[in-house]
Amino acid sequence: MTTARGDVGSLYLHIPFCERKCEYCDFTSVAGATGSDAYMEALCTEVRRLGERLGRLSLDTVFIGGGTPSLVDPELLAGLVATVRNTFSVAVDAEVTMEANPSSVSTGRARAWKAAGVNRISLGVQSLEADALSFLGRVHDADRALAAVGEVRAAGFTSINCDLIYAVPGLGDTRWRRTLERVVAAGPTHISCYELTVEPGTPLHTQVRRGLVKPVEGVRSMRQHRIAVEVLERAGYAQYEVSNFALPGEECRHNLVYWHNGYYAAAGVGAHGHLPAEAAAAIGLDVEAGAVSMRYWHGRGIAAYGRAVGAGLLPVAGSEPVGPGMREQERVMLGLRLREGVRIGASSLVEARALEGLGLLAVDGDRVRATARGEAVLNQVTLRLIGDQAA
Amino acid sequence: MRLDRIRNFSIIAHIDHGKSTLADRLLEATGTVALRDMQDQVLDQLDLERERGITIKAQAVRLAYTASDGITYELNLIDTPGHVDFAYEVSRSLAACEGALLVVDATQGVEAQTLANVYQAIDNHLEVIPVINKIDLANADAELVRREIEEVIGIPADDAILTSARQGIGIDLVLEAIVKRVPPPKGDPGGSLRALIFDAKYDAYRGVVVYVRIVDGRIAAGMRIRMMNNKSEFVVDEVGVFAPAMSPVDELLCGEVGYFIASIKNVRDSKVGDTVTDAAHPTTHPLPGYRAVTPMVYAGIFPVDSDDVTDLKEALQRLNLNDASLIFEPESSAALGFGFRCGFLGLLHMEIVQERLEREFNLSLITTAPTVEYRVRLRSGEVIAIDNPEMLPDASHIDAIEEPRTKATIIVPSTYVGAIMELCQERRGEFQHMDYQPGDRVALTYDLPLGEIIHDFYDQLKSRSRGYASLDYEITGFRAESLVKLDILVGGQRVDALSMIVHRDRANAHGRKLAERLRKLIPRQLFEVPIQAAIGGKIVARETVSAMRKDVLAKCYGGDITRKRKLLEKQREGKRRMKRVGNVEIPQEAFMAVLKMDEQ
């Protein structure tokens, strides 16, 4: 095993099926679970093929995202996890996360996931307010969401995340605070709070364009973000990344790999991976001279994915070489999202001091982190720090 | 060619009145350009010229036309630039001709710019042949336009030719009229060489191509020639004609139009209006009318990225090879860093240079607001010329500031006279006279400061007359006025590139408007940015750009880092078009804000 491949300790798997497509979602997903048998088989085939090409990687984190992985037959999921375990060397204390939606959670299903080797569940709660849930196109209600937390816990899961969305039109600060407090009371170990963003190609985008929906303005959205920080930190959840909060020791290790600009293999439609140059070459990507690593992504079509895997091809739709300059910029861009901050090069120090003077950054030796005010304008802070030169 | 078989003519027309289309038809009808090679508007060679529908450089083309008398004539068409900025070039192109087609749009009538050029043609003793074009259009009124030509311009228009260049109507009549009515050139075929330079262009492979009209004598390859103005001498490598591509000939004879190439490295050595003579047998009498062209408008051009200053210099030098009227010298600004102070013939010339620099040399530039050249009389008695507000000495040393004045002619339908007079008053214009013309139009004459004309006057003129007013102006002299320097402070720091010289009575209002406009143009920054206007250290206006409240991507899109980085890069693209002054990022257009102050 070479060092470069040894750096790859994470795997992302994508399962695209959903009960229905949410109004705001632009992730790769389709409504209904039709064809999930064939898809899961193709996914397992891709995992095995990755193993053939990358060797038996030591995995520290596995993340099964979607879509709604909880929707597929638990036996198929168990088969997927087993394939991963047979193909790679999954550490004893590895974090194996699966995303689940409250509507497809039950104690029985949760037990099956646990038995399969999943040890962390991320629940798509999003809101506990009926009008917000309906606006977002979610199929569950507040009771179901809270019950799901209990069911997952009853099945033996000790690491549970709840995803929440703020800046939902019509959802005022008071009701947002109430949602946060009720979720806290349900006792998850991790809470993510994402701003509702209007992505091109989504039904929400169409509504906004037609003037039927008015997005929440930035200042109010930022206020709701600050409410989340305030409520959650008071409840003992530390904000370790802009949108992520965890009880001590419960940070999501898989997502930290992203923010630490680390490497991860990927399988399944729409999945994105990041591999060191040598590992990228090993899976068959065209690696440009001078590239330190490659970012690559799968196509979004399920049928095409199945055909490609069946034909023994690498179902990759695109890739991008990362040179030293871009790597450094991405490292700073991602690291600035973390509360622990990020190291910066000596050449950025003057700019960092200027940003500190504006109350946007805290500088500690060669490490900087965004202040609460800096976090609100993190893009600008990032651009200032990485300079205005292209990579 | 015998002199009596040569006809040299140009076409005078307002933009959009059909000059280029008519020229195309003449080329086609004489077989100069085969139909299949016809690209619309052959003569406008720069992309910019095609896009803007104007001619910037003069062009010349030789047509062979067999007239109804059975004789084949050599017709030389000299296409003139179509904008007031290039008035001198126009005058030299006209001086190279014996006749001119005056093309007037049958639906529009005579415009101010046309008027100015026709008067130049008349002054040069040209035979003017009126051509009323676009007669195929439903709203054409040839009779009204005919009357207008007679009454406004004062030339007979009974035998005006009715054409539709687009439909090819009347083209033969135009060609016949050129042969019958334009006089053949006069000149001394045996005399020593006198050739008038009416344009020159730089060719990277061949050096300068000089466009000439031979007035006396002949020119051929191998001859040693002398430029009479700057005394420089060259040996002619090649002479030729445009047909319409450059085609070498053995010699150019008295009366003919064509080009020569003589290893000339710089267009400055072949100035428009200069006389070329035979170095071995020089004439003692240069052709009349030469004058050095001086810039009317000045502005600073700076690279957005300071590292590009060398590239900018090289690009200016390259443009300069082909455009001797562009002058530039290094300038350094506290706000914008190193750049160049450039002098232009006018606003259009400035825009063209800026556009070519950006387009052909791929530079990202900031152009400061244009200014005119002021004459400053100091208490010491010294008189200095100031083309940069930044260079204005302290008020305590100044006795008087004189500004350039113009005689401006505006032709406008009578409905809009009130609005246009109001505009002229606002711009410190002094009313001279008003003439009513046929077709319910009015010619207004004002004494206007040039400094006002270059500040959004033309756009205002157009918008307040629904596009119907046309303008022409000429410099009349300098006059002392109560002028002061208006400074702009952004984030508490004076931005030298935003300083301007304004009339004292209007300084406060100007300062308020400019600050307000800048507030709209400067995007929110990471902190609050005050914008202040000051006169002699006294703040007269203040606006504030409030701090940016939110700019963060909440989601991290799973492992899709590429997408996040690209969103950030898009933002960076936007920032790259801005200049950082102190801690504040100022977009390029802010430096031109002063130009658009009347916009709401």
Side-chain angles (χ1 to χ4, degrees), chain A residues 10 12 14 26-27 63 65 166-167 193-197 199 217-219 221-222 225 241-244 255 257-259 261 264 266 270-274 295-297 318 320 326 329-330 333-334 337 354-355 358-360 373-384 386 388-391, chain B residues 303-308 311 336-337 362-364 366 490-493 522-530 545-588:
Chain A
S10 293
Y12 177 81
H14 193 85
D26 75 331
F27 283 18
F63 198 104
Y166 63 90
C193 296
Y194 295 114
E195 180 191 36
L196 177 66
T197 50
E199 303 294 341
E217 60 149 333
V219 173
S221 171
M222 241 16 256
H225 172 70
E241 192 264 358
V242 175
S243 311
N244 286 277
N255 282 340
V257 169
Y258 297 158
W259 295 317
N261 203 23
Y264 43 99
H272 284 249
H274 182 209
R295 293 195 183 274
Y296 66 101
W297 47 92
E320 182 185 51
M326 194 193 281
Q329 294 189 3
E330 289 184 344
M333 170 185 90
L334 294 164
R337 295 183 66 88
L355 290 164
L358 294 169
L360 302 171
R373 274 183 55 215
E375 193 175 83
V377 289
L378 199 59
N379 290 357
Q380 295 294 323
V381 171
T382 305
L383 286 173
R384 291 273 293 255
I386 64 182
D388 51 10
Q389 297 307 307
Chain B
V304 172
D305 183 344
S306 312
D307 293 344
D308 291 343
D311 291 350
L336 300 178
N362 201 21
L363 291 162
S364 192
I366 287 171
V490 176
Q493 203 175 330
I522 296 177
R524 289 183 171 205
Q525 314 273 320
L526 292 170
F527 41 87
E528 195 177 276
V529 179
V545 179
S546 46
M548 178 188 293
R549 303 287 281 278
K550 173 181 176 285
D551 182 13
V552 58
L553 302 167
K555 234 185 270 178
C556 213
Y557 306 107
D560 186 357
I561 307 303
T562 305
R563 173 168 171 180
K564 184 174 161 58
R565 203 197 63 243
K566 283 188 173 154
L567 286 168
L568 213 54
E569 277 170 0
K570 217 166 129 188
Q571 278 189 302
R572 174 156 62 188
E573 269 316 301
K575 286 166 90 74
R576 207 173 281 161
R577 294 189 69 78
M578 293 197 248
K579 190 82 189 177
R580 200 143 139 206
V581 177
N583 237 338
V584 183
E585 277 161 341
I586 305 181
Q588 286 166 302

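Note that the structure is a prediction, hence the values are computed from the model and not measured. In what follows, every chain begins at residue 1, and chains take the letters A, B, ... in the order their sequences are listed.
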Spacing of [atom1] belonging to [X] relative to [atom2] belonging to [Y], to within rounding of 0.5 Å:
{"X": "M326(A)", "Y": "I561(B)", "atom1": "CE", "atom2": "CD1", "answer": "12.5 Å"}
{"X": "D560(B)", "Y": "Y258(A)", "atom1": "CG", "atom2": "OH", "answer": "10.0 Å"}
{"X": "R565(B)", "Y": "Q329(A)", "atom1": "CZ", "atom2": "CD", "answer": "8.0 Å"}

Whether the side chain of Y264(A) engages the backbone of G559(B) through a donor-acceptor N/O pair (distance < 3.5 Å, no angle test) should be reported. yes
According to salt bridge (charged side-chain N to carboxylate O under 4.0 Å, His left out), who are the partners of E573(B), at least two apart in sequence or on a separate chain?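 E573(B) satisfies salt bridge (charged side-chain N to carboxylate O under 4.0 Å, His left out) with R576(B) once adjacent residues are dropped.
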Salt bridge (charged side-chain N to carboxylate O under 4.0 Å, His left out) partners for R373(A), two or more places apart: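 With neighbours one apart ignored, the set is empty.
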Test side chain to side chain contact (heavy atoms under 4.5 Å, CB included) on R295(A) and R563(B) and set out the steps. CA-CA 11 Å; R295(A) 293 195 183 274; R563(B) 173 168 171 180; over 6 Å; no
State, yes or no, whether a side-chain contact exists between L360(A) and L526(B) at a heavy-atom distance under 4.5 Å.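 Result yes, sub-4.5 Å side-chain heavy-atom pair found.
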Let me see the working for L568(B) and L383(A) under side chain to side chain contact (heavy atoms under 4.5 Å, CB included), right down to the final yes or no. CA-CA 8 Å; L568(B) 213 54; L383(A) 286 173; 4.0 Å; yes
Under 4.5 Å to a heavy atom of chain B? For T382(A) that would be side chain
Contact class of L355(A) relative to chain B, heavy atoms under 4.5 angstrom: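 Only the side chain of L355(A) comes within 4.5 Å of chain B.
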Before accepting this row, confirm whether a basic side-chain N of the pair E585(B)/R384(A) lies closer than 4.0 Å to the acidic partner's carboxylate O.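 Not counted as a salt bridge, because no side-chain N and carboxylate O are separated by less than 4.0 Å.
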Do the side chains of K550(B) and E375(A) get close enough for a salt bridge, i.e. N-O under 4.0 angstrom? no
So which part of R580(B) gets closer than 4.5 Å to some heavy atom of chain A, the side chain, the backbone, both or neither?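 Interface part for R580(B): side chain.
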If we count only N and O atoms by modelled type, under 3.5 Å, do the side chains of R524(B) and Q380(A) hold a donor and an acceptor together?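 Side chains of R524(B) and Q380(A): no pair found under 3.5 Å.
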Run the salt bridge (Lys or Arg N to Asp or Glu O under 4.0 Å) test on R549(B) and E217(A) for me, step by step, so that the C-alpha distance in whole Å, both residues' side-chain angles and the decisive distance to 0.1 Å come before the verdict. CA-CA 10 Å; R549(B) 303 287 281 278; E217(A) 60 149 333; over 6 Å; no
Side chain to side chain donor-acceptor pair (under 3.5 Å), that's the test. Do N379(A) and R572(B) meet it? Break it down for me. CA-CA 10 Å; N379(A) 290 357; R572(B) 174 156 62 188; over 6 Å; no
Dump the intermediate steps for side chain to side chain contact (heavy atoms under 4.5 Å, CB included) on E330(A) and K564(B), then the final yes or no. CA-CA 9 Å; E330(A) 289 184 344; K564(B) 184 174 161 58; over 6 Å; no
